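Reviewing the structure listed below.
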Amino acid sequence: MSVFIILLVVVVVIFAVKDIRLNLISRPTFKMFKKVLPPLSQTEREAMEAGDVWWDGELFSGNPDWQKLHNFPKPELSAKESDFMDNQVNTLLAMLDDYQIVQKDKDLPKEVWDYLKTEGFFALIIPEKFGGREFSAIANSTIVSKIATKSLTAAVTVMVPNSLGPGELLLHYGTKEQQERWLPTLANGKDVPCFALTGPEAGSDAGSIPDSGVVCKGQHNGEEVIGLRLNWSKRYITLAPIATVLGLAFKMYDPDGLLGDEKELGITCALIPTDHEGVETGERHYPLNMAFMNGTTYGKDVFIPLDWIIGGQQGAGRGWRMLVECLSAGRGISLPALSTATGHLASKMTSAYAMVRQQFGVSIGQFEGVQEALARIGGLTYTLESARLMTAGAIDLKLSPSVVTAIAKYHMTEMGRTVMNDAMDIHSGKGIQVGPNNYLAHGYMGIPVSITVEGANILTRNLMIFGQGATRCHPFVLKEMEAAAMEDDDAALDQFDSLLMKHILFAASNAGMAFLHGLTRSCFAKAPVCGATAVYYKQLSRMSRGLAFTTDVAMLVLGGELKRKEMISARLGDVLSHLYLASTVLKRFEDEGRQQADLPFVKYAIENSLYEIGQAFDGFFKNFSNPVVNFLLKRIVFPLGNHYHKPSDETAQSICEHMTQPGVFRNRLTHLCYVDENAGTGVMENAFLAMHDMQTQFKDLKQWQRKGKVPATLDIESAINYALEQGFLEQADADAMHHTNKLRKQAIAVDNFKPGEL
């Protein structure tokens, strides 16, 4: 006992006496920290510093404030935004024949282009004073989602000018003159914008772009002015083939010192009319059979004046920060909107098809294998809509949460891919026969396009989420990095010492609480609510503690090497991601009044996220390089083992029951799915509703066949007529059954083409 007291006193003295602490702990740690600090390129540093820390910071804290989550405003459409949805959006959707657009014309009809321009679909984010709609991020997202359930081509066409494009950049960084010149014509559709970043040799690493702008003197409007001589080659640029104004990213150089002493000014963005001499556009790519305009742009020795730089001369070299901040906002709106549309469409149509399509005399929705896939569609759709709402809501708070939007981009596009694969599996042959009545095929083709935007998902998961999250969201690491970069060593050490002590207490607290929650299964953790969801808040708090502590240990042991251990760090990114996705589900459940019908979907969504968190931790522990540290980490985070499991069969069957019942809940789950009475979605939905209304009569008919009252060898129509003749059915019921069977056969039919028609 006396030895323990002596050791305790020694520890207290070491930590309490600053001079001793500096020499024994802080100074050696500071030297080690500077040594292992991962080197950051200029583009990495700017990406790290750009954007805002939001709810992701709470999740990284180890002790998220759930009341703060509940207090975030509920994302809702304004009256004018709802009116636009009811009128302009629905009018547009009625104009779209996606089979004609994609398979025949390879373009939107002229009347659709004109309608998009005149009704302000390209000006959703432009302020009213410039003639724009000035809609919220949630409205932008909702509009794109609903359009995407009818036509991915139209949705992408609307999406791009309202996300990363000249409009967005001008609003945030343009000079007054640039805004007054361009925003009104972008708002009224006279000008169509595109933005060119990606080239043959540089995709997501903008620091590698070879495109250049050299400061020099040249002629403009008959006068000699200082400007830029540009050379570029870009590809994958959406709207480039028909754009009238080109946003261009390039590296800016001033070799002759015409602007100052700096020779390499860095990445810069400029705005150039496409009819300017030397600008080449018009060539198209053909991205997986999609008809939206996507193509190349080139320029050789193109001279532009300096005031075409976005932000004027003051914008020189600020391009990467502009792009990172605007990419973050667009990433939180556009791609999540497309993925959520996949969920709404797949949920509505697949639940209908599961009831309408029959095998062995029963609807295929009664087979448990189909139920497993259908439940996954429903559970992920609930998650997708939850994440869409909360992420767009963050942007409406005037935030640019780069980590959160990276999470949304990666996981929502992957969930969209899973949902679509399950929908295709259930539809089977109907899903693969392309034609006017196939409502899945074009979405299926388009999903890989979303996956590749802004760097393929491999990059987003392995480099962006945890790479930025571990530094930006951690309460101390970024500040410690800033201290290590200070030129005054004494001041740096003093600041680092203060941060280090707080960091040690932070890590010790998270380790202790993670272990305690693990031993008690989070029984004593706090939850802001009572009822069925309280346990989920407790479990997520526990995993937040585990993430914070594990991250600290990983950074301590691996240091700068963690940056290159992508498989290891990505798993911690998965933990953070699923903490966020589960948070969005809880937030939505509270915002929508704790609807009891939603509980199976909430249960499925959060248990799926907890399972994925457990799997990510298991993968981390199995592959962490230090076996001793690995053992200790696992015993602290999961002292009694990892007990998270996939959602139960009972939950899955409950979800299927809700999805295959017409009514308020199914309509809420799929409210963004546009049902076209003149197309395949309308045919399927009408058959589903009719089948539901007549299900009792069809069950009776099956019973009569089993009992021999109606010959089992008869087809359905003959069986209905026989039952009518025998007096088992009234004429009205027989007529309704014949009509329903006609709708059913029409719904399960696939498109055929005459010889030579294709």
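Along the sequence shown, residues are numbered consecutively beginning with 1. Since the model is a prediction, treat every value here as computed from it, not as a measurement.
Taking each heavy atom of C656 and A375 in turn, the nearest pair found is SG-N, 3.8 Å. Listed here is the closest heavy atom pair of V370 and I364: CB-O, 3.4 Å. Residues L59 and S583 come closest through the heavy atom pair CD2-OG, 3.8 Å. Residues S78 and E81 approach most closely at N-OE1, 2.8 Å, considering heavy atoms.
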- Can you check ring-ring contact (aromatic ring centres under 6.0 Å, His included) on Y644 and H578, steps first, answer last? CA-CA 13 Å; Y644 295 133; H578 280 283; over 10 Å; no
- Message: Using the rule given for ring-ring contact (aromatic ring centres under 6.0 Å, His included), can you reason through F665 versus H658, listing the C-alpha separation, both sets of side-chain angles and the distance that settles it, and then say yes or no?
- Response: CA-CA 7 Å; F665 174 78; H658 281 75; 5.5 Å; yes
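Between Y353 and H427, a ring centre-to-centre spacing shorter than 6.0 Å is recorded. Between Y536 and W66, the ring center distance fails the sub-6.0 Å criterion.
The 12-atom threshold is not exceeded at CD of E368, counting heavy atoms of other residues, nucleotides or ligands nearer than 6.0 Å. Counting non-hydrogen atoms of other residues, nucleotides and ligands closer than 6.0 Å to OH of Y444 gives a total of 12 or fewer.
At distances below 3.5 Å, at least one donor-acceptor pair connects side-chain atoms of S386 with backbone N or O atoms of Y382.
Using a 4.5 Å cut-off on side-chain heavy atoms (C-beta onward), R461 and H411 make no contact.
In this structure, F621 and F617 have parallel ring planes: the angle between them is below the 30° cut-off, well short of the 60° mark.
Using a cut-off of 4.0 Å between Lys/Arg side-chain N and Asp/Glu carboxylate O, K409 and E414 are scored as not salt-bridged.
Taking R588 as the reference, E592 meet the salt bridge (Lys or Arg N to Asp or Glu O under 4.0 Å) condition, with sequence neighbours excluded.
The one candidate from T381, T681, T670 that meets the side chain to side chain donor-acceptor pair (under 3.5 Å) condition with K348 is T670.
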